[in-house]
> 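This is the structure, below, for whatever I ask next.
Naming: A, B, ... by sequence-line order, numbering from 1 per chain.
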Amino acid sequence: MRTALFNWIFSRQQGGQFLLRIDDTDQQRNLQDALQPILDGFRWLGIDWDEGPEVGGPHAPYFQSQRKDRHCQAVQRLLDAGAAYRDFARPEEIQAEREAAEREQRSFCYSRRWMAEDDGQAARLAAEGRQAVVRLKMPRSGTCQFHDLVRGEVEVAWASEQDHVIQRADGSCLYHLASVVDDHQMQITHVIRAVEHLSNTPRQLFIAQSLGYDPPVFAHLPFVAEPGSANKLSKRKLQQYMKQPDFRRLYAHGERIVQTLGLAEPVETFNPVLVDFYRQVGYLPAALNNYLLLLGWSLDDRREDFSRQAMIEHFSLERINRAPARFDPQKLLAIEERYMRALSWEDKLALVLPYLERAGWLSPPIDEAVRSRVGAIVQAAGDRIKVAGDILDYGDFFTPDDRLAYDPAAWQKRLVKPPGAADLLARFRNALAAAETFEPAALEQRMQEFVAAEEIQLGQIIHAVRVAVTGKAVGFGLFETLAILGPTRCLARIDRALEQLATPPE
RNA sequence: GCCCCCUUCGUCUAGUGGCCCAGGACACCGGAUUCUCAGUCCGGGAACAGGGGUUCGACUCCCCUAGGGGGUACCA
């Protein structure tokens with residue numbers, strides 16, 4: 001995903017085109033199932049492609065599996081040019097050579113014993129019942145040099161390269177061949193990809209050269225490492241990451257939201273290693289983009305905030321760090337919070353309403369009254385809503401008064417244990433009932449007067465009221481809370497709490 | 001085994017020979033504000049993997065060692 005983002009930013013910056021090609025040579029898995037979430041993720045992040053699946057374009061098709069003919073033609077040209085040969089070795093024969101090399105502690109280099117350079121040899125070997133694959137006839141001396149936009153000059157001895165197979169006996173082509181051919185035919189100028197491909201580059205360059213292509217410019221990005229280790233981050237290692245505290249918290253936070261929504265979470269995509277997790281939970285795409293940008297890239301020693309426009313303006317491949325960057329859930333959340341804080345309450349309201357609907361706490365026709373009430377909640381929540389789904393932490397505003405659940409610890413601490421707490425609450429209830437305005441400031445004034453008259457500390461009553469009215473020990477400012485609930489509901493809730501205090505359950 | 005790559009606070013990073021007894025951000029620890037929580041403000045601890053060179057001077061250049069990673073496929 002980060003790789004895609006970097007590609008996207010780079011193409012936008014250069015005024016180029018961003019092509020999406022699916023390299024699905026030899027893919028037996030259900031591609032569509034794997035592809036759709038990825039495309040959705042791109043779109044959610046605002047990464048759009050100029051050509052590719054679902055949008056088409058002049059270089060179609062964009063699935064490698066549909067370009068087989070072109071690949072085969074290229075193989076034939078390679079054969080004709082003497083840059084490749086038909087190899088009739090049996091797999092076990094290759095394996096034997098490989099093992100021999102290993103025993104002698106030298107690097108493996110195919111003897112080319114079953115190489116057929118002309119039709120006569122080929123016919124003879126075929127007569128033995130052998131089948132041929134096509135291998136690259138790689139140079140065995142000299143060095144391969146190229147300039148990588150991230151790594152600088154790269155130099156590799158040709159001798160350390162193998163005669164890679166580019167076409168199987170059944171005629172199907174392998175990725176390296178296919179991608180070089182496709183890159184050329186699609187007029188790709190820049191290939192920005194993960195470091196795993198760095199060591200593949202020489203053979204691809206060899207193919208390109210042999211075919212007379214002008215190769216693209218390469219930029220190899222370091223991988224993203226797991227939290228707490230230097231290994232490559234993988235979506236398949238979720239269980240292992242759950243042992244890491246920060247990662248666990250990130251997951252648990254999302255899980256709480258999804259569970260409140262009552263979604264049967266599809267385990268496949270509910271994974272903090274995949275973008276869909278953040279979409280479901282209600283992160284801001286801009287925040288995720290910003291975090292991803294900073295994973296391995298920086299502008300200088302102070303600037304961290306980058307809007308899409310700023311990314312396009314300032315990004316450069318040269319400033320990508322060559323060492324892998326670790327995925328840090330805390331930093332991601334911090335950036336998300338920063339973006340959230342910058343939003344107006346109206347913006348947050350818009351983000352939050354769908355969550356309330358999906359949770360079933362609001363029913364579809366959202367009228368002005370509902371909007372202003374939820375608006376008041378969002379304003380009172382202030383910075384407490386870090387991701388859109390956090391609104392679900394404040395369900396007590398949406399539960400019917402007679403179904404409010406009380407947090408047992410808070411109930412004990414604030415209403416049962418303090419001597420006279422119930423009586424105090426009852427008297428404050430009456431003071432509240434007499435209130436003519438229900439504005440936060442007026443309510444605070446009222447409570448101050450109450451505290452003075454009772455000769456008590458503010459803390460002796462305020463927490464008791466919060467528990468009675470929200471069921472929880474923590475929440476917004478109490479006076480905002482009371483104002484949002486309004487006189488009727490406040491009194492109903494206090495009365496209910498008083499009742500339950502008077503008749504403790506057995 | 002062989003080839004290639006990487007290595008600054010816990011984390012992301014700034015630093016391209018003197019501006020650095022190393023700067024910022026997140027996290028952490030104090031303290032302040034206070035009705036809880038969130039936030040905000042102020043303060044604090046925290047790093048150049050190790051060893052050799054080169055140089056008047058190395059985080060910065062060279063070599064070695066260690067650690068980590070990738071590749072070594074009829075995977076992508």
> Is a donor from one side chain sitting under 3.5 angstrom from an acceptor on the other, for A:Gln167 and A:Ser172?
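No, no side-chain donor-acceptor pair sits under 3.5 Å.
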
> With both distances kept under 3.5 Å, what pairs with B:A14, Watson-Crick or G-U wobble?
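Because no pair has both required distances under 3.5 Å, B:A14 counts as unpaired.
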
> Using Watson-Crick or G-U wobble geometry with both distances below 3.5 Å, tell me the partner of B:U33, or none.
B:G39

> Any sub-3.5 Å donor-acceptor pair from A:Glu104's side-chain atoms to A:Ala101's backbone N or O?
no

> Can you list every pair that meets ring pair (Phe, Tyr, Trp, His ring centres under 6.0 Å) and has a residue in residues 439-475 of chain A, with sequence neighbours left out?
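Counting only pairs at least two positions apart or across chains, the ring pair (Phe, Tyr, Trp, His ring centres under 6.0 Å) contacts touching residues 439-475 of chain A are A:Phe428-A:Phe450.
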
> May I ask you to verify whether the side chain of A:Arg326 and the base of B:C12 hold a donor-acceptor pair under 3.5 Å?
no

> Do any of residues 147-156 of chain A sit with a heavy atom less than 4.0 Å from RNA chain B, and if so which?
A:Arg151

> Mind checking the C1' distance from B:G53 to B:U11? Whole angstroms is fine.
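Nearest-Å result for B:G53 against B:U11 at atom C1': 33 Å.
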
> May I ask which nucleotide in the shown strands pairs with B:C2, Watson-Crick or G-U wobble, both distances under 3.5 Å?
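WC or wobble partner is B:G71.
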
> Give me the ring orientation class for A:His197 and A:Tyr175: parallel if the planes are under 30° apart, tilted from 30 to 60°, perpendicular past 60°.
tilted

> Given that both distances must come in under 3.5 Å, which nucleotide forms a Watson-Crick or G-U wobble pair with B:C28?
B:G44

> Roughly how many Å apart are B:C59 and B:A49, using the P atom of each and rounding to a whole number?
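B:A49 and B:C59 have their P atoms separated by 10 Å.
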
> Are A:Arg326 and A:Glu226 within salt-bridge range, i.e. N to O under 4.0 Å?
no

> Quick check, does A:His220 stack with B:G70? I mean ring centres under 5.5 Å and planes off by under 30°.
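Given the distance and angle limits, no, they do not stack.
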
> When you compare B:G50 with B:A58, how far apart are their P atoms, in angstrom units rounded to a whole number?
15 Å

> Could you give all pairs that pass the salt bridge (charged side-chain N to carboxylate O under 4.0 Å, His left out) test and reach residues 455-466 of chain A, with sequence neighbours left out?
none

> On a whole-Å scale, what distance lies between the P atoms belonging to B:G57 and B:G52?
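Looking at atom P only, B:G57 and B:G52 are 15 Å apart.
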
> Is the shortest side-chain N to carboxylate O distance from A:Arg303 to A:Asp300 below 4.0 Å?
no

> What interatomic distance, in whole Å, is found between C1' of B:G10 and the corresponding atom of B:C48?
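That atom pair is separated by 16 Å.
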
> Using the six-membered ring wherever Trp is involved, compare the ring planes of A:Tyr283 and A:Tyr278 and label them parallel, tilted or perpendicular (cut-offs 30° and 60°).
perpendicular

> Would you list the protein and nucleotides 46-48 of chain B atom pairs, both N or O, that sit under 3.5 Å from each other?
none

> Considering only the C1' atoms, how many Å lie between B:G23 and B:C75, rounded to the nearest integer?
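Pairwise C1' distance, B:G23 against B:C75, rounds to 45 Å.
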
> With rounding to the closest Å, how many angstrom separate the P atoms on B:C64 and B:G18?
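Per the computed distance, 26 Å lies between those P atoms.
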
> With distance as the sole criterion, do the side chain of A:Arg466 and the base of B:C35 form a donor-acceptor contact below 3.5 Å?
yes

> Using atom names, set out every protein N or O paired with an N or O of nucleotides 71-73 of chain B below 3.5 Å, distance rounded to 0.1 Å.
| from | atom 1 | to | atom 2 | distance (Å) |
| --- | --- | --- | --- | --- |
| B:G71 | O4' | A:Ser199 | OG | 3.4 |
| B:G71 | O2' | A:Ser199 | OG | 3.2 |
| B:A73 | OP2 | A:Arg98 | NE | 2.6 |
| B:A73 | OP2 | A:Arg98 | NH2 | 2.5 |
| B:A73 | O5' | A:Arg98 | NH2 | 3.4 |

> For the atom pair CZ (A:Arg256) and CG (A:Asp393), what is the distance rounded to the nearest 0.5 Å?
4.0 Å

> Are the charged groups of A:Glu93 and A:Arg130 less than 4.0 angstrom apart, N to O?
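Result for this pair is yes, salt bridge flagged.
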
> Rounding to the closest angstrom, what is the interatomic distance between B:C12 and B:C28 at atom C1'?
16 Å

> When you check every protein heavy atom under 4.0 Å of nucleotides 14-26 of chain B, what one-letter string (B, S, -) results, 5' to 3'?
SS-------BSBS

